[in-house]
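A short write-up of the structure that comes next.
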Amino acid sequence: MATLNIPEIPKDYDAASIEERCRALWEETGIYKYDPNAPGEVFSVDTPPPYVSAAHLHVGHAMSYTQAEIVIRYQRMKGKKIYYPMGFDDNGLPTERFVEKTYNINKQKTTRAEFRALCLEETRKGAAQYEELWRSLGLSVDWNLRYSTIDDHCRRTAQRSFLDLYGKGRVYRSNEPVLWDVHFETALAQADLESMARKGKMHDIAFSAKADGSPLVISTTRPELIPACVALYHHPEDERYAHLKGTTAVVPLFEHEVPILTDEAVDPAFGTGLMMVCTFGDGEDVRKWKRDKLATRLVIGPDGKMLPSAGEFAGQTAEIARNNIVGALARAGHHLKSVSVEQNVSIAERSGVPVEFNMAPQWFIRVLDIKPQMLARSAELGWNPEWMKVRLDHWIEGLKYDWNISRQRFYGVPFPVWYCQACGEAILADEASLPVDPLEDPCRLSACPACGGTDLKGEPDVMDTWMTSSLTPLINANWAGTPGRKGDMSLHPMTVRVQAFEIIRTWLFYTLIKSDAHLETLPWKDVMISGWGLNEHGKKISKSDLEKYTDKDGYNRYEPFGVIKKFGADALRFWAAGSHLGQDMRFNEKDVKDGRKLAVKLWNAARFVLMQIEGFDPEAPRPSFADRMPEDRWLLTELNRILPGVEAGFEGYNYAVAREAIERFFWATFCDDYLEMVKHRFWKPELYSEEARVSARATLWEALRVILGLYAPFVPFTTEDLYQAIYRPVEGTPSLHITAWPTYEPTRTADVPEMQVVMAILRAVRQLRTEARLSQTRALEAVVLDLRTASDELKGVVHAMLPSIQAVARAGAVRFDEASYPADVAGLAVGIVAGELPEKVVQA
RNA sequence: GGGCGGAUAGCUCAGCGGGUAGAGCAGUACCCUUACAAGGUACGGGUCGCAGGUUCGAGCCCUGUUCCGCCUACCA
């Protein structure tokens, strides 16, 4: 007879060795490899390529990536073909800033080649660190599908995108005022701004009317822009200034003459109702400048310092010039008063300095004309959670500028463009030649097709990093047709984009634009937006958290490698699944212990099952559901009944809902109740038939297997290791993670009403034992049941369930007598008779 | 200024097709018990931010309001 060779499982749970075994197994078996030829529906995931600049990895990163990965593991077990790539974003300002800081250098003091080499090196190091974290966390990424936004394939894809958009008239080049970062000395897009509240001063400054020299008072927080003033404005219906129509004013100190104009947007109640418009204080100035064809008087240079046009203030930073100009105005009698005000200023997200405007030719992608189309795309998309949708919609509605994709930086994807130095004609690269670097590669033409000029120079700017990362679905689908690259257009649109909320206006929005422009589709069917893991105080985990809380052994509570080492990867993953999708969650180290406890509990429950099933033959026929003992039918029923809810949770990306249901079943029903009851059948064989034990063994074997499957997405290491030891020899499938997801079995689901009585007695006996200060497992002489007020039905159940009742009470006998403790069943009271206590061993 | 989340036990979070609240941790008591002491059993602990309203009945629906976080906005 074939009997199971009962495997040995070490008594102690050792996360590190389990993780080591599993990582090796997953590597060898290649179970996470995407196979385009396998049967089944594809489930493809567009994952965020992290920035190397975010090298301060913390548990918040682990949280959001894990939340998505749990759902992916579920889908894999549902039989989907998983396309789960990982990318690294190594373009752009974040990397440049990181390199600048790390090496304490800046753009001026290094060559382009040197700087790029450092960026590449830091990128390589950062990516390696990320990859190690993802592997430690057990993310089931197919590392063959890796991409890096600076690699040839991605540069090619980004440049092809540019050419395609150019061909479609969606991209244009224009010399107009652009948002400018005076630290990095580059243009920015609207999405690269943040706002910062600060205290400022509002100054009342007297201009004078050209005609009669009478004072015209304006209020401004930016007096340093007075030399840049090109007009004064008031509301068209403001009686106070009606007489100024068609006249001009003289700018104090600088003495140039500016027109006085009207605009509906001027608030007559603000300040004096008269405002100055400059080159350029804000987007409103730009609007008026364009509409009214105002003069241009740029006074702030690309580096944020005042230009010669600012006269004696040239060379000063805007901030210093602000004070100096106020001083000069005061001395000249033009400064009337100052009041402190709270103001919101736009700062550059990457450098943190207030943005200015600058003028330089830039490439733009037209987006303002397709707002309604983008809102429609947003509505088509499956948002999880749903309420995240408004964040995108508000952003789209509030867009003011087309997307500027030119960056005056070193490290990024070049534009595939050369310009004729004679006439300015732009000459684009051939698609076949991509990727190109126009600063190194020659132009495909030797002469300008417009004017015949032969001096053709490459575009020195690079593209906005989002120009590339907005293409991740197309990078994955090899839209650019890069030879040898995996993936094809059947992957587009993808199944789901996973990301956190802060990049909705950038990554999500730009990706929608690209797929719409290139292919007229959504990039994905669904989007899954995670929240953030916060520090103990409910704030974003910062670099200072990673420094401040580091102990003398180098351990830091927010640093994921250390947390994994201390509690195990499964523990950290389990914590990550604790908050509902989209919701932020505070990280407390002690909460990771819950995950650790679960892993240990699974381990020990499995050990217990193995101890009890000795002699069990998994290949022999098992008793049918109807032939099992009531406890066993009850257990299987309870287990079956959680499955639809668990599945519905996962299908809606609600891993947390699934986790709660599984948790309740495993901990309370399986461990606390069922395992405690079933022990008796093995410990008191004289009270039970062999059939009862056969039924128990079959049920334990089956239930543990389902439990491992259900927990597999959450704690993949522990469940895999147990599966390998116990079930793989029988089932053969090389990994738990590619076995079938447990399915609801209606034929193994049936109410077992008599178990309500047994469970009520179990609860009563536990209570009585606690009150009597008796151990829960010490054998009682007897359990007393008071059935004097019981219905005949109840009496019948009690008599039918006597062995079970004796089991839950761990009593030598069941007696029917008076008892005082009311059970949770009408007409039943319970008592216990402890009997002789065993003699205590007295320690000397 | 507008919007979106959150506000429930000391802590972290569930509960929301309305029927006077749950888990884990922390606390207390007991149990060295043949899976598990990083355990088990039991207990204590909440006027569900505040104020109104709808309803026989409201953490759950409506209105207003206060904090916290985030997004967004030209008040120069």
Side-chain angles (χ1 to χ4, degrees), chain A residues 9 11-13 193-195 200 202-203 218-222 225 232-233 263 265-267 269-278 281-288 341 343-344 346 385 387-395 397-400 501-502 504-505 531-532 534 536 538-540 567 571 575 578-580 582-612 656-657 659-660 663-664 667-668 671-672 675-676 679 682-683 762-763 765-779 810 841:
Chain A
I9 292 183
K11 185 171 188 307
D12 292 325
Y13 173 83
L193 304 186
E194 275 180 357
S195 75
M202 179 81 77
H203 306 277
I218 59 105
S219 301
T220 182
T221 53
R222 302 204 56 190
L225 289 176
L232 297 186
Y233 276 80
D263 189 295
V266 179
D267 178 2
F270 186 91
T272 59
L274 198 60
M275 71 181 286
M276 72 165 180
V277 167
C278 307
D282 58 31
E284 272 301 289
D285 286 355
V286 174
R287 190 178 66 82
K288 295 189 183 79
V341 290
Q343 57 176 353
N344 286 323
S346 288
W387 50 265
M388 286 288 183
K389 175 176 180 290
V390 294
R391 298 198 180 202
L392 177 64
D393 294 351
H394 285 312
W395 175 254
E397 286 159 8
L399 277 172
K400 291 186 298 183
F501 59 83
E502 82 282 7
I504 288 175
R505 68 182 192 182
W532 273 356
L534 304 174
E536 294 167 345
K539 306 280 185 197
K540 186 175 176 175
F567 296 102
W575 165 78
S579 89
H580 282 222
Q583 228 63 63
D584 296 342
M585 181 169 51
R586 292 189 189 198
F587 178 84
N588 286 294
E589 196 188 29
K590 68 182 173 58
D591 293 333
V592 182
K593 285 185 189 165
D594 289 353
R596 170 75 179 195
K597 276 177 55 176
L598 169 72
V600 171
K601 191 79 173 176
L602 271 171
W603 191 258
N604 285 311
R607 283 179 54 230
F608 174 79
V609 168
L610 292 182
M611 287 175 195
Q612 306 311 330
V657 169
R659 194 191 91 161
E660 281 159 21
E663 192 75 345
R664 263 195 312 276
W667 213 280
C671 291
D672 293 348
L675 291 187
E676 293 305 323
K679 282 173 181 172
F682 299 103
W683 292 355
L762 172 61
R763 283 189 295 273
V765 171
R766 279 177 179 169
Q767 181 78 48
L768 291 165
R769 281 175 182 271
T770 299
E771 284 172 10
R773 303 192 165 182
L774 291 173
S775 132
Q776 292 295 330
T777 48
R778 179 180 173 276
R810 291 191 179 143
V841 178

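Owing to the predicted nature of the structure, the values given are computational and were not obtained by experimental measurement. A, B, ... follow the sequence lines: proteins, then strands. Residue 1 opens every chain.
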On a whole-Å scale, what distance lies between the [atom1] atoms belonging to [N] and [M]?
N: B:A9; M: B:G59; atom1: P; answer: 15 Å
N: B:G18; M: B:C61; atom1: P; answer: 9 Å
N: B:C60; M: B:G49; atom1: P; answer: 8 Å
N: B:A14; M: B:U8; atom1: P; answer: 11 Å
N: B:G44; M: B:A23; atom1: P; answer: 12 Å
N: B:G52; M: B:A26; atom1: P; answer: 39 Å
N: B:A7; M: B:C16; atom1: P; answer: 13 Å
N: B:A73; M: B:G2; atom1: P; answer: 15 Å

Spacing of [X] atom [atom1] relative to [N] atom [atom2], expressed in whole Å:
X: A:Gln343; N: B:A76; atom1: CD; atom2: C1'; answer: 10 Å
X: A:Arg778; N: B:U34; atom1: CZ; atom2: C1'; answer: 16 Å
X: A:Trp667; N: B:A38; atom1: CH2; atom2: P; answer: 13 Å
X: A:Leu774; N: B:U33; atom1: CG; atom2: P; answer: 13 Å
X: A:His394; N: B:C70; atom1: NE2; atom2: P; answer: 17 Å
X: A:Asp584; N: B:G6; atom1: CG; atom2: P; answer: 11 Å
X: A:Leu675; N: B:U41; atom1: CG; atom2: P; answer: 12 Å

Do A:Arg769 side-chain atoms and A:Arg778 backbone N/O form a donor-acceptor pair below 3.5 Å?
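Flag set: sc A:Arg769 to bb A:Arg778 pair under 3.5 Å.
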
Short side-chain N/O contact to [N] OP1/OP2 from [X], under 4.0 Å:
X: A:Lys679; N: B:A35; answer: yes
X: A:Trp387; N: B:C70; answer: no
X: A:Lys590; N: B:A26; answer: no
X: A:Lys11; N: B:C36; answer: yes
X: A:Lys389; N: B:C71; answer: no
X: A:Arg505; N: B:U72; answer: yes
X: A:Arg586; N: B:U12; answer: yes

Have a look at [X] and say if it touches a base, only the backbone sugar-phosphate, or nothing, with a 4.0 Å heavy-atom cut-off.
X: A:Ser579; value: nothing
X: A:Asp594; value: sugar-phosphate
X: A:Arg596; value: base
X: A:Asn344; value: base
X: A:Gly283; value: nothing
X: A:Lys539; value: sugar-phosphate
X: A:Met388; value: nothing

Measure the shortest side-chain to side-chain distance between [X] and [Y] over non-hydrogen atoms and say whether it is less than 4.5 angstrom.
X: A:Leu675; Y: A:Phe608; result: yes
X: A:Asn588; Y: A:Glu536; result: yes
X: A:Arg505; Y: A:Arg391; result: no

Rounded to the nearest 0.5 Å, the CG atom of A:Leu232 sits from the CD1 atom of A:Ile218 at a distance of 7.0 Å

Could you please name the partner base of [N], counting Watson-Crick and G-U wobble pairs only when both distances are under 3.5 Å?
N: B:G18; answer: none
N: B:U33; answer: none
N: B:A7; answer: B:U66
N: B:U28; answer: B:A42
N: B:U12; answer: B:A23
N: B:C74; answer: none

Check the chi torsion on B:G59 and let me know: syn if it falls within 90° of 0, anti if not.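 Syn.
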
Between A:Trp603 and A:Tyr13, how do the two ring planes meet: parallel, tilted or perpendicular, split at 30° and 60°?
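Ring orientation of A:Trp603 relative to A:Tyr13: perpendicular.
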
### Task
Indicate yes or no: does A:Arg664 engage A:Glu660 in a salt bridge with an N to O separation below 4.0 Å.
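The answer is no: the pair does not qualify as a salt bridge.
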
Going by an N to O cut-off under 4.0 Å, is there a salt bridge joining A:Arg222 and A:Asp285?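 No salt bridge links A:Arg222 with A:Asp285.
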
### Residue met sooner reading RNA chain B from 5', once A:Arg766 and A:Trp575 are mapped to nucleotides
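So the residue in question is A:Trp575.
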
Assert: residue with more 5' nearest nucleotide on RNA chain B, out of A:Asp591 and A:Ser775, is A:Asp591

Could you please name the option among [options] that lies closest to any side-chain atom of [X]?
X: A:Glu676; options: B:A35, B:C30, B:G15; answer: B:A35
X: A:Met275; options: B:U41, B:U33, B:A76; answer: B:A76
X: A:Gln767; options: B:A35, B:A76, B:A42; answer: B:A42
X: A:Val266; options: B:A76, B:G24, B:A35; answer: B:A76
X: A:Glu660; options: B:C70, B:U12, B:A14; answer: B:A14
X: A:Arg391; options: B:C11, B:C4, B:A35; answer: B:C4
X: A:Trp395; options: B:G24, B:U72, B:A35; answer: B:U72

Check: How far apart are the C-alpha atoms of A:Leu598 and A:Arg659, what are their side-chain angles, what is the distance that settles it, and do they pass the side chain to side chain contact (heavy atoms under 4.5 Å, CB included) test?
Finding: CA-CA 12 Å; A:Leu598 169 72; A:Arg659 194 191 91 161; over 6 Å; no

